[in-house]
**Student:** 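Once you've had a glance at the structure underneath, I'll fire off some questions.
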2 protein chains.
Amino acid sequence: MNVATPAKGARAVEQAYDYLKNAILSGEFAARMHLREGAIATQLGLSRTPVREAFRRLGAEGWLEITPNAGVKVAEWSPRDIEEVFEVRMLIESRVAGRAAQRATEAQIERLRALAEQMSAMADCPVDQVLDERSTVNAEFHELLVEAAGSQRLKRLLDLVVEIPMVKWVFGSYQPAEIRRSAAHHHEIVAALEAHDAEWASAAMKSHILSAHHAVMRRLRQLDSAPNQDQ
Amino acid sequence: MNVATPAKGARAVEQAYDYLKNAILSGEFAARMHLREGAIATQLGLSRTPVREAFRRLGAEGWLEITPNAGVKVAEWSPRDIEEVFEVRMLIESRVAGRAAQRATEAQIERLRALAEQMSAMADCPVDQVLDERSTVNAEFHELLVEAAGSQRLKRLLDLVVEIPMVKWVFGSYQPAEIRRSAAHHHEIVAALEAHDAEWASAAMKSHILSAHHAVMRRLRQLDSAPNQDQ
DNA sequence: TATTTCGTTATTGCATACAAAATTGACGAT
DNA sequence: ATCGTCAATTTTGTATGCAATAACGAAATA
């Protein structure tokens with residue numbers, strides 16, 4: 001039924017990887033759920049080998065828990081785990097912003113400004129309608145910023161932590177005012193870069209992340225109290 | 001000389017992983033060197049499958065660079081890369097120390113104090129003689145601290161960044177005075193924990209990491225100007 | 001009825017076989 | 001001599017088969 005998207009390279013591992021990651025992030029696979037190599041393989045029309053490789057990759061990235069002779073389980077994300085993700089993002093991305101303020105070229109700043117404009121233009125559209133586009137533009141903004149900072153290793157680390165679908169989830173948690181605030185943050189970061197003020201850029205980014213953190217944790221509390229009646 | 005140690009679990013993947021990681025970190029495999037699944041496999045008396053799995057794991061951890069249909073290369077660590085590693089360590093570990101100051105139990109602080117004492121006791125021994133033990137005790141200290149902070153995800157992230165063998169390398173870069181300073185830092189961090197002073201603990205840890213950073217970068221400059229023997 | 005033991009089954013780990021892609025080297029054209 | 005082309009070889013990617021280990025369940029005993 002799904003068979004996922006064949007991906008660009010059409011490589012079997014990519015296919016398995018994309019399918020699994022999507023299933024995990026979309027909630028199709030519940031937390032703690034046990035996954036079997038064989039089942040996934042036949043479902044995707046592949047052999048166990050590429051599925052197994054995808055398992056390992058996802059394990060290294062923290063999405064699956066692997067126990068040697070038993071199988072793999074979908075990792076569980078506690079509120080504390082999510083808090084820690086935002087903690088890391090805040091620490092690293094604010095540092096990155098500061099460095100970018102010292103090193104960004106005119107062209108890079110220009111491109112960042114354009115992305116910030118795009119973001120603002122979407123601010124008044126209905127939330128659900130531009131969710132994907134907002135996520136994409138936002139991801140581009142943050143990525144370009146790391147590039148401007150010239151921090152390749154930090155980028156790798158961030159990629160490991162800040163998953164695009166999770167970003168989408170963040171926007172789903174935003175209230176209209178918070179979306180506008182987020183867009184404003186982007187503009188402010190660009191302004192700090194133009195001024196080559198590392199402190200300012202760093203502080204603005206810190207606000208940006210903490211604001212997102214707040215929105216997500218509020219969402220979590222809502223989800224926690226709404227659908228469960230046993231407490 | 002190779003064939004590595006059969007490791008505890010005697011699992012083939014572990015064997016391959018341990019062998020490869022050791023070879024990379026010891027410099028037996030030069031940077032940018034191309035590794036072939038088949039060669040490693042026959043050399044270790046295994047099939048390609050577990051070797052391949054080890055490759056992927058090491059790739060995810062940043063020790064190997066994997067390009068889809070070409071093979072794997074030993075990753076190159078530029079001075080900037082190493083700088084970034086210390087940047088991350090500084091950011092995360094100082095935050096962790098601050099959190100530990102707020103949450104550590106008496107028992108945990110006691111244990112940390114004992115480790116700090118052990119460290120001091122070794123401070124006056126010849127550098128090379130206690131290199132391994134120093135690394136072990138140091139690693140334990142930092143690990144226990146993360147545990148006291150109750151930050152499981154951050155611990156995973158740190159594990160990815162701060163490799164034990166690299167820690168050993170740090171101690172090899174220390175001058176006698178720096179070893180004593182490092183031991184003093186540990187004591188100071190324990191004191192900050194006893195006082196439940198997050199700012200203090202955080203600042204002490206920041207000093208601790210920056211001091212190590214400084215020592216390693218100095219070592220790098222020395223190696224760079226001196227003739228090196230690795231191919 | 002609860003619990004332990006043992007045999008069956010299912011699932012993972014590893015090895016091998018085969019397919020696809022890339023690298024290499026020789027050859028020929030300019 | 002240099003560059004480009006193409007085939008031979010090597011190397012990676014995937015599939016399958018077999019062995020080892022763990023999960024499951026039934027039977028037997030207390």
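Each chain gets a letter, A, B and so on, in the order its sequence line appears, and its residues count up from 1.
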**Student:** Return yes if a side-chain donor-acceptor contact under 3.5 Å exists between Ser182(A) and Arg134(A), otherwise no.
**Tutor:**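 The criterion, which ignores hydrogens and geometry beyond distance, is not satisfied for Arg134(A) and Ser182(A).
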
**Student:** Specify the residue among Ala70(A) and His34(B) whose closest nucleotide of DNA chain D lies further upstream toward the 5′ end.
**Tutor:**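 The 5'-side residue here is His34(B).
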
**Student:** For Leu64(A) and dT12(C), give me the distance from atom CG to atom C1', rounded to whole Å.
**Tutor:** 15 Å

**Student:** More 5' along DNA chain C: Gly71(A) or Thr49(A), using each one's nearest nucleotide?
**Tutor:** Gly71(A)

**Student:** Between dT11(C) atom P and Lys73(A) atom NZ, what is the distance in whole Å?
**Tutor:** 17 Å

**Student:** Write down the distance between CZ (Arg48(B)) and C1' (dT12(D)), rounded to a whole number of angstrom.
**Tutor:**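 The answer, rounded to whole Å, is 6 Å.
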
**Student:** Establish, from distance only, whether the side-chain atoms of Glu14(B) and Tyr19(B) form a donor-acceptor pair under 3.5 Å.
**Tutor:**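 No, because no side-chain N or O of Glu14(B) sits under 3.5 Å from a partner of the opposite role on Tyr19(B).
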
**Student:** Between the main-chain N or O of Asp81(A) and the side-chain N or O of Ser78(A), is there a donor-acceptor pair closer than 3.5 Å?
**Tutor:**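 At least one qualifying donor-acceptor pair exists.
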
**Student:** Checking Arg57(B) against Trp63(B): charged group under 6.0 Å from the ring centre and within 45 degrees of the axis?
**Tutor:** no

**Student:** Rounded to whole Å, please give me the gap between CD in Glu14(A) and C1' in dT14(D).
**Tutor:**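 Distance, rounded to whole Å: 14 Å.
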
**Student:** If I take atom CZ in residue Arg11(B) and atom P in nucleotide dA22(D), what distance separates them, rounded to the nearest angstrom?
**Tutor:**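 From Arg11(B) CZ to dA22(D) P: 11 Å.
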
**Student:** Phosphate oxygens OP1/OP2 of dA15(D): is one of them under 4.0 Å from a side-chain N or O of Ser47(A)?
**Tutor:** yes

**Student:** Without decimals, in angstroms, what is the distance between Arg52(A) CZ and dC14(C) C1'?
**Tutor:** 8 Å

**Student:** Judged by each residue's nearest nucleotide on DNA chain D, which is more toward the 5′ side, Arg36(B) or Gly45(A)?
**Tutor:** Arg36(B)

**Student:** Rounded to the nearest angstrom, tell me the gap between atom CZ in Arg56(B) and atom P in dT14(D).
**Tutor:** 9 Å

**Student:** Nearest to the side chain of Asn69(B), heavy atoms from C-beta on, is which of dA15(C), dA21(C), dT12(C)?
**Tutor:** dA21(C)

**Student:** Scan Leu35(B) against the nucleic acid and name what it touches under 4.0 Å (heavy atoms): base, sugar-phosphate only, or nothing.
**Tutor:** sugar-phosphate

**Student:** Scan side-chain atoms only and decide if Ser151(B) and Arg80(A) contain a donor-acceptor pair under the 3.5 Å cut-off.
**Tutor:**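 Arg80(A) and Ser151(B) do have a side-chain donor-acceptor pair below 3.5 Å.
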
**Student:** Rounded to the nearest angstrom, tell me the gap between atom CD in Glu37(B) and atom P in dT11(D).
**Tutor:**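 So the CD-P distance, Glu37(B) to dT11(D), works out to 11 Å.
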
